[in-house]
Amino acid sequence: MSTNHPSTDAPVVTRFAPSPTGDLHVGGARTALFCWAYARGHDGQFVLRIEDTDQKRSSTAAANEAMKDLAWLGLDWDQGPDGEAGERGDNGPYFQSQRLSIYERFMTQLLEADLAYHAFDTAEALDAKRRAARSEKRAYRYDRAGLEVPREERFARAAAGESHVVRFRTPDRPVVIVDAVLGEATLPAGEVDDFIIRKADGFPTYHFAVVVDDALMGCSHVFRAQEHFNNTAKHLLIQEALGFAHPIYAHFPLIMNPDGSKMSKRDKDKAVRAAVKAAGIESPPEGSVDPGVFTEWLADKKAQLDHRDLIALASALGVQLPEINVQDFRRSGYLPEVVCNFLALNGWSPGDDLEKFDNAFLAEHFNLSRVQKTAARFDRDKLLAFNLDAIQAMDPDEFHARVLEHGRHYHPEFVEQLAPEQFRLLVDASRERSKTLDEVFRANHWLLLDDEAVQWPVTKPVRKAMLKGEPTGRMLLEQVRSVIETVEPFDSRSLESTLGEWAEAHCDGNLGRIAQPLRIAVTGGPVSPPIFDTLVMLGRERTMRRIMRCLKSFEPPEGD
RNA sequence: GGCCCCAUCGUCUAGUCAGGUCCAGGACACCAGGUUUUCAUCCUGGGAACAGGGGUUCGAAUCCCCUUGGGGUCACCA
């Protein structure tokens, strides 16, 4: 029997090893967070390694983005690639694609010891066997057809350059996996077949590279998601064949969608498809995406739209894309410390009733014994509530700095068009009603509008505020405009006292009677920051211009 | 389908390892009131779970078994 015996005397080295085939998603981020926290809490090292052995799907761009995401989350690594600057630590290189000669050494060792063998099966032959197994409702296992070729011939054909893979010769015995979260599990003999450890392109497969690198980089702990649990048997076997020690394994529960399905990038397309269907449209909304692209995408249910197109289409349809990747949460205006806090709560808890904590706390308190065994559904509502709480608790200067940073990145037009004082006013007025950084911008496009471009579509709340009541809101607006024109100075305080007095005299002290028509007049809609702040942000001149245009727009046909 | 793992409110979870203090606690969501110039907040209250069945025990959310349900995996992807 094979098993891993965790040893506890080695120095703690954890690693996060993303495959750079796309954006870092929340599941990966949580794994990274736990790995980081464990290393930090145990006076250990945190290694970042890029697993780019899939030549077709990997890109350095994706690796760089992943590193940016980790940095944004506040997770720093002691060893790993250092962006453009090279690498940090002595166990590099930290890109697997640059470690081929290292793998080759160990590959040769296995081949010569007959613990692995060259196999020349064609992909078609393998596919046929797989399909057959499936149709017979049998689990597919490689049948060792490759071993029917004599040993010398295998080496000769491989040396002659014939296309082949290398398979691990799996011993015929049960494998016991010891996991720090899930406990002990036994895989029966025969459950693990002779899996491929080197692909036809000469690159090692994940299983081989991960074992060699973890050993060479001194990883004492291997933390990853539960989807890797069964793979652990393969890794234990390779470790034994190569004479490596077994690291301590811990598998974390998966993070699922609220409906229990697996979270994937496709969910974004899914959300937009649903919206398209609900809207009953057959061509894309004007100015969103190319009609040809749209039609093709709509026809193929598995097709994925380019991310930029997806965003354009979603905003045109008024749907929100589900956040999946770290970058999605950043774009939506979540605070990195909140994302970390919430991620940690999916699969781990500090106990008692404590929920709010920072990464320093996590580093100090994170432990494997409190890791959940069950998959967690990702509750964006709760994340949003956490984000709101964090924003409300934030110092105004800090909030201003964060919003400015976010704006520079995602809403440069605000930063360019608004004077710094005006921007500060917007931020201060928005803080207590913002659940995300992005809301400051999303909710205040009226501020950027040209005064001549403001429009007043007569929606239900607009009708109510402007046209109902006796006198109507429009009439009150007509009356109050001279007050606004002359109030001195034009600031929040004097506007409040002046308009307060005016409301006392003209509408029974009900400020709302005049606040709403004013708000609609200057923003075009019924929602904005407190009315006095709203007016001050705009300034007297622009406020008056918008009021005049609004009055004209709501002019009764017969005159009143 | 084979193999492996898991199971507390709608959701994340505390409690489980060392059975009694649990007619099960917190948070988010939801519902009902209240505050508020819009929106968003905020305040008060409320409903809401030990998957089912068998054991073991004086006593089971906690230990054991079965059933059911959920997840993972079965690639020249990681």
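Below, chains carry the letters A, B, ... as their sequence lines are ordered, and counting in each starts from 1.
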Would you check if the side chain of Arg169(A) reaches a backbone N or O of Leu115(A) as a donor-acceptor pair within less than 3.5 Å?
->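 Pair absent, no side-chain N/O of Arg169(A) close to backbone of Leu115(A).
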
Sub-3.5 Å donor-acceptor pair from the side chain of Thr472(A) to the main-chain atoms of Lys468(A), do we have one?
-> no

Ring centre gap for [X] and [Y] strictly below 6.0 Å:
X	Y	result
Phe399(A)	His406(A)	no
Phe252(A)	Phe34(A)	yes
His207(A)	His235(A)	yes

Check the side chains of [Y] and [X] for a donor-acceptor pair under 3.5 angstrom, ignoring hydrogens and angles.
X	Y	answer
Asp52(A)	Ser97(A)	yes
His118(A)	Arg167(A)	no
His251(A)	Thr232(A)	yes
Asp194(A)	Tyr117(A)	yes

Does [X] reach a base, just sugar-phosphate, or nothing at all? Heavy atoms under 4.0 Å.
X	value
His207(A)	base
Ser528(A)	base
Pro530(A)	base
Phe378(A)	nothing
Ile531(A)	base
Asn444(A)	nothing
Gly190(A)	nothing
Pro188(A)	sugar-phosphate
Glu432(A)	base
Arg370(A)	sugar-phosphate

[N] versus [M] - spacing of their [atom1] atoms, nearest Å:
N	M	atom1	answer
rC9(B)	rG52(B)	P	10 Å
rG15(B)	rA24(B)	C1'	8 Å
rC50(B)	rA32(B)	C1'	28 Å
rA60(B)	rU21(B)	C1'	15 Å
rC64(B)	rG1(B)	P	26 Å
rU16(B)	rA7(B)	P	14 Å
rG71(B)	rA51(B)	C1'	16 Å
rG25(B)	rG46(B)	P	12 Å

Selection from [options] that lies nearest to any side-chain heavy atom of [X]:
X	options	answer
Leu511(A)	rA78(B), rA75(B), rU37(B)	rU37(B)
Arg141(A)	rG2(B), rG71(B), rU73(B)	rG2(B)
Leu388(A)	rU13(B), rU41(B), rG2(B)	rU41(B)
Arg130(A)	rA75(B), rA78(B), rU37(B)	rA75(B)
Arg377(A)	rU11(B), rU73(B), rC74(B)	rU11(B)
Gln516(A)	rC12(B), rU37(B), rA7(B)	rU37(B)
His228(A)	rA14(B), rA78(B), rC77(B)	rA78(B)

Interatomic distance where [atom1] belongs to [X] and [atom2] belongs to [N] [whole Å]:
X	N	atom1	atom2	result
Phe208(A)	rA78(B)	CZ	P	14 Å
Asp214(A)	rA78(B)	CG	P	15 Å
Ile520(A)	rU37(B)	CD1	P	16 Å
Lys460(A)	rU38(B)	NZ	P	17 Å
Asp438(A)	rA40(B)	CG	P	18 Å
Leu182(A)	rG70(B)	CG	P	20 Å
Arg134(A)	rC74(B)	CZ	C1'	9 Å
Lys262(A)	rG70(B)	NZ	P	17 Å

Phe223(A) and His228(A): CA distance, side-chain angles, deciding distance, ring pair (Phe, Tyr, Trp, His ring centres under 6.0 Å) verdict = CA-CA 10 Å; Phe223(A) 300 158; His228(A) 282 301; over 10 Å; no

Using a cut-off of less than 4.0 Å, is there contact between a side-chain N or O of [X] and OP1 or OP2 of [N]?
X	N	answer
Arg513(A)	rU37(B)	no
Arg57(A)	rA75(B)	no
Thr205(A)	rC76(B)	no
Lys234(A)	rU73(B)	no
Thr53(A)	rA78(B)	yes

Given that Asp201(A) and Asn346(A) both sit by RNA chain B, which one's nearest nucleotide is further toward the 5' end?
-> Asn346(A)

5'-most by nearest nucleotide on RNA chain B - Glu51(A) or Leu345(A) = Leu345(A)

Base paired to rG1(B) (Watson-Crick or G-U; both N/O distances under 3.5 angstrom) | rC74(B)

Pairing partner of rA7(B) (Watson-Crick or G-U wobble, both distances under 3.5 Å) =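 The answer is rU68(B), by the H-bond criterion.
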
Please evaluate the base of [N] for a donor-acceptor partner in the side chain of [X] within a cut-off of under 3.5 Å?
X	N	answer
Glu191(A)	rG2(B)	yes
Arg433(A)	rC39(B)	yes
Arg519(A)	rU37(B)	yes

Summarise how protein sits on nucleotides 16-31 of chain B as a single string, 5' to 3': B when a protein heavy atom is under 4.0 Å from the base, S for sugar-phosphate-only contact, - for no contact.
-> ---------BBBBS--

Among Phe342(A), Tyr334(A), Phe386(A), whose ring-ring contact (aromatic ring centres under 6.0 Å, His included) with Phe329(A) holds?
-> Tyr334(A)

Minimum heavy-atom separation for Ile255(A) to Met263(A), with atom names?
-> O-CB, 3.9 Å

